[in-house]
Protein chains: 2
Amino acid sequence: MTAPSEAQPRGTRLPRIARRRQLLAAAQQVFVERGYHAAAMDEIAERAGVSKPVLYQHFPGKLELYLALLEQHSEALVEKQRAALQSTDDNWQRVVASFKAYFDFVSGEGGAFRLVFESDLRNLPAVREITEQTTLRCAELIGEVIRQDTSVSDEEAHLLSIGLVGMAETSARYWLSRGTIPKDAAEQLIARLAWRGISGWDLTRH
Amino acid sequence: MTAPSEAQPRGTRLPRIARRRQLLAAAQQVFVERGYHAAAMDEIAERAGVSKPVLYQHFPGKLELYLALLEQHSEALVEKQRAALQSTDDNWQRVVASFKAYFDFVSGEGGAFRLVFESDLRNLPAVREITEQTTLRCAELIGEVIRQDTSVSDEEAHLLSIGLVGMAETSARYWLSRGTIPKDAAEQLIARLAWRGISGWDLTRH
DNA sequence: GCGTCCCCTTACGGACGAGTAAGATAGCTC
DNA sequence: GAGCTATCTTACTCGTCCGTAAGGGGACGC
């Protein structure tokens with residue numbers, strides 16, 4: 001935990017756009033560390049080396065500030081997932097890339113995965129909508145691939161995809177907190193588990 | 001959403017133990033509906049047909065009330081999981097029973113799974129400890145079975161188990177909210193996915 | 001039917017934190 | 001260097017909700 005990216009000595013004026021970026025960065029730090037409820041606007045402002053009203057000149061309220069971050073990172077995850085699945089035609093490689101996308105997301109983005117996967121504001125419909133849609137959209141991307149190559153029904157493909165997404169989310173989160181297995185190895189291991197599960201689905205009698 | 005189990009007409013006296021049970025039930029309703037932060041002690045008391053100080057005669061504070069519920073249901077899930085894995089020696093049946101345990105948990109207990117899986121108080125160390133340990137303990141139970149029948153390392157068995165647990169949690173939660181597939185079918189489908197993934201692990205060259 | 005105890009009530013204190021009003025100051029233009 | 005504007009600050013209001021102090025009323029013994 002170093003001092004804020006406050007190369008500026010508290011009092012420096014900044015053009016609007018730069019200030020906004022800085023405020024978002026400070027807000028993310030605090031929201032990730034403390035969660036929505038325990039995060040105080042005063043602390044966000046302070047960490048940006050600025051006073052509270054400045055925050056309110058850029059964002060109408062605490063909720064909008066939070067939503068801006070949540071949407072940004074939610075979108076980033078879905079985009080990573082889309083890119084992973086489009087990166088190859090080989091389904092095994094697709095699975096590998098897809099899981100790597102989750103492990104990358106959890107490893108990077110300044111801990112933003114906590115906003116998307118562990119939000120403490122999920123009881124607010126607007127937030128629940130975003131977090132659930134993130135999971136559903138990722139699942140839907142995977143579901144399309146499954147439907148192309150198997151004869152399962154749409155509903156079944158949907159549930160299978162959700163299961164795989166849940167596996168990715170959870171294993172990535174707990175892999176990170178434990179930190180004993182190299183990232184590559186963890187990705188490969190979970191990808192194998194998923195690939196064994198889903199590949200050649202139609203070939204076995206259930 | 002019916003009236004509280006308030007057969008008593010607001011003013012009835014109750015022996016301590018019965019009152020405590022009733023308070024816990026009311027608290028669970030409110031915590032599940034609103035989450036920890038949006039739940040007001042006033043509403044919990046009101047829903048139990050009682051005034052606030054009565055609540056404080058049974059629980060020292062809001063947090064302790066919440067923890068009592070969280071621990072109870074967390075324990076219930078782990079116990080269900082343990083029972084499922086002990087219920088048979090056949091590993092395929094074990095997988096089926098194990099996933100059924102998750103779907104049962106999510107379907108029952110008055111929505112208590114929201115406390116364990118979607119707590120909005122996870123930023124409090126005491127709560128994070130409980131929710132994470134729930135996942136880890138369930139995973140560990142599964143991990144033991146995996147280690148018995150495969151030659152993977154302890155670390156690998158651990159991560160694989162976490163992946164399977166995540167698959168169970170997530171698919172059960174989203175199955176419930178969608179509600180288009182019969183419970184049996186959903187359990188079987190996900191169990192097949194897991195079983196194909198994990199069974200005969202050593203037989204394939206990775 | 002009167003005292004006594006336990007359970008319950010109404011009504012308040014106090015902390016915390018979101019959002020705001022009003023005023024100060026830097027730095028640019030001319 | 002005087003004036004102007006956009007940026008920033010201090011200091012406050014207001015609402016919410018946890019937790020509590022102090023007092024009412026039913027049931028039972030006598």
Side-chain angles (χ1 to χ4, degrees), chain A residues 4-27 29-31 33-70 120-121 123-124 126-127, chain B residues 4 6-24 26-27 29-31 33-70 120-121 123-124 126-127:
Chain A
S5 5
E6 185 189 357
Q8 280 76 17
R10 167 99 209 191
T12 312
R13 304 202 165 185
L14 245 54
R16 249 192 110 69
I17 298 189
R19 182 63 85 195
R20 184 189 156 95
R21 244 195 306 274
Q22 186 205 15
L23 290 174
L24 279 168
Q29 280 184 24
V30 178
F31 282 136
E33 249 175 62
R34 305 222 189 292
Y36 180 83
H37 291 100
M41 292 296 266
D42 287 285
E43 184 176 358
I44 293 173
E46 187 186 8
R47 195 164 309 200
V50 106
S51 72
K52 206 165 34 159
V54 173
L55 213 43
Y56 285 91
Q57 284 167 3
H58 287 263
F59 303 93
K62 187 182 182 183
L63 179 60
E64 288 79 6
L65 177 53
Y66 188 76
L67 287 177
L69 287 166
L70 189 62
D120 61 341
L121 203 59
N123 289 288
L124 200 74
V127 170
Chain B
E6 186 190 357
Q8 279 77 14
R10 169 97 206 191
T12 312
R13 308 208 163 176
L14 243 53
R16 250 191 107 72
I17 298 191
R19 182 65 85 194
R20 184 189 157 95
R21 244 195 305 276
Q22 185 205 15
L23 290 174
L24 280 168
Q29 282 185 21
V30 177
F31 282 136
E33 246 174 65
R34 307 224 187 289
Y36 180 84
H37 291 100
M41 290 297 264
D42 288 286
E43 184 177 357
I44 293 172
E46 188 186 9
R47 195 164 309 198
V50 108
S51 73
K52 206 168 30 159
V54 173
L55 212 43
Y56 284 91
Q57 285 166 3
H58 287 262
F59 303 93
K62 187 183 181 184
L63 179 60
E64 288 79 6
L65 178 53
Y66 187 76
L67 287 177
L69 288 166
L70 189 62
D120 62 342
L121 201 61
N123 289 288
L124 200 73
V127 170

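Letters A, B, ... mirror the listed sequences (proteins, then strands); counts begin at 1. Heavy atoms only: backbone and side chains are in, while hydrogens, waters and symmetry mates are out.
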Look for any protein N or O under 3.5 Å of an N or O in nucleotides 5-7 of chain D and output each such pair with its distance, or none.
from	atom 1	to	atom 2	distance (Å)
D:dT7	O2	A:R13	NH2	3.1

Contact list (N/O, under 3.5 angstrom) for nucleotides 11-15 of chain D vs protein:
none

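The shortest non-hydrogen separation linking A:D120 to A:H37 is O-CE1, 2.8 Å.
Although no hydrogens or angles enter the test, the distance criterion places no donor-acceptor pair under 3.5 Å between the side chain of A:Q29 and the main chain of A:A26. The main-chain N or O of A:A48 is found under 3.5 Å from a side-chain atom of A:Q22 such that the two form a donor-acceptor pair.
For the pair A:M41 CE and C:dG17 C1', the interatomic distance rounds to 11 Å; values are reported in whole Å. When rounded to the nearest whole Å, the span between OH of B:Y56 and C1' of C:dT9 equals 16 Å. One can place NE2 of A:H58 at 16 Å from C1' of C:dG19, the figure rounded to the nearest angstrom. In this structure, OH of A:Y36 is placed 8 Å from P of C:dA18, rounded to the nearest angstrom. Between the CZ atom of B:F59 and the P atom of D:dC18 there is a distance of 15 Å, rounded to whole Å. Here the P atom of nucleotide C:dG17 and the NE2 atom of B:H37 are 11 Å apart, to the nearest Å. Going from atom CG of B:D42 over to atom P of D:dT20 covers 14 Å, rounded to whole Å. Look at CD on A:E46: it is 14 Å from C1' on D:dT9, rounded to the nearest Å.
Under the 4.5 Å side-chain criterion, counting only non-hydrogen atoms from C-beta, A:V50 is not in contact with A:L55. Between A:I44 and A:F31 the shortest side-chain heavy-atom distance falls below 4.5 Å. With contacts defined as side-chain heavy-atom distances shorter than 4.5 Å, the pair A:L24/A:F59 qualifies.
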Practice problem: Under the side chain to side chain contact (heavy atoms under 4.5 Å, CB included) rule, what do B:L121 and B:L63 come out as? Steps first, then yes or no, please. | Solution: CA-CA 10 Å; B:L121 201 61; B:L63 179 60; 3.8 Å; yes

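A search for salt bridge (charged side-chain N to carboxylate O under 4.0 Å, His left out) contacts involving A:R34 returns A:E43, not counting sequence neighbours. Judged as a side-chain hydrogen bond (donor to acceptor under 3.5 Å, both in side chains), and not counting sequence neighbours, A:R21 has no contacts. Considering only residues two or more places apart in sequence or on other chains, A:Y66 meets the side-chain hydrogen bond (donor to acceptor under 3.5 Å, both in side chains) condition with A:S119.
Of the residues in residues 61-69 of chain A, not one comes within less than 4.0 Å of DNA chain D through any heavy atom.
No engagement by B:A38 is indicated, since no non-hydrogen atom pair under 4.0 Å with the nucleic acid exists.
Residues in residues 53-62 of chain B take part in no side chain to side chain donor-acceptor pair (under 3.5 Å) pair, two or more places apart or across chains.
The side chain of A:S51 approaches D:dT10 more closely than any other nucleotide in the set D:dT10, D:dG19, C:dT20.
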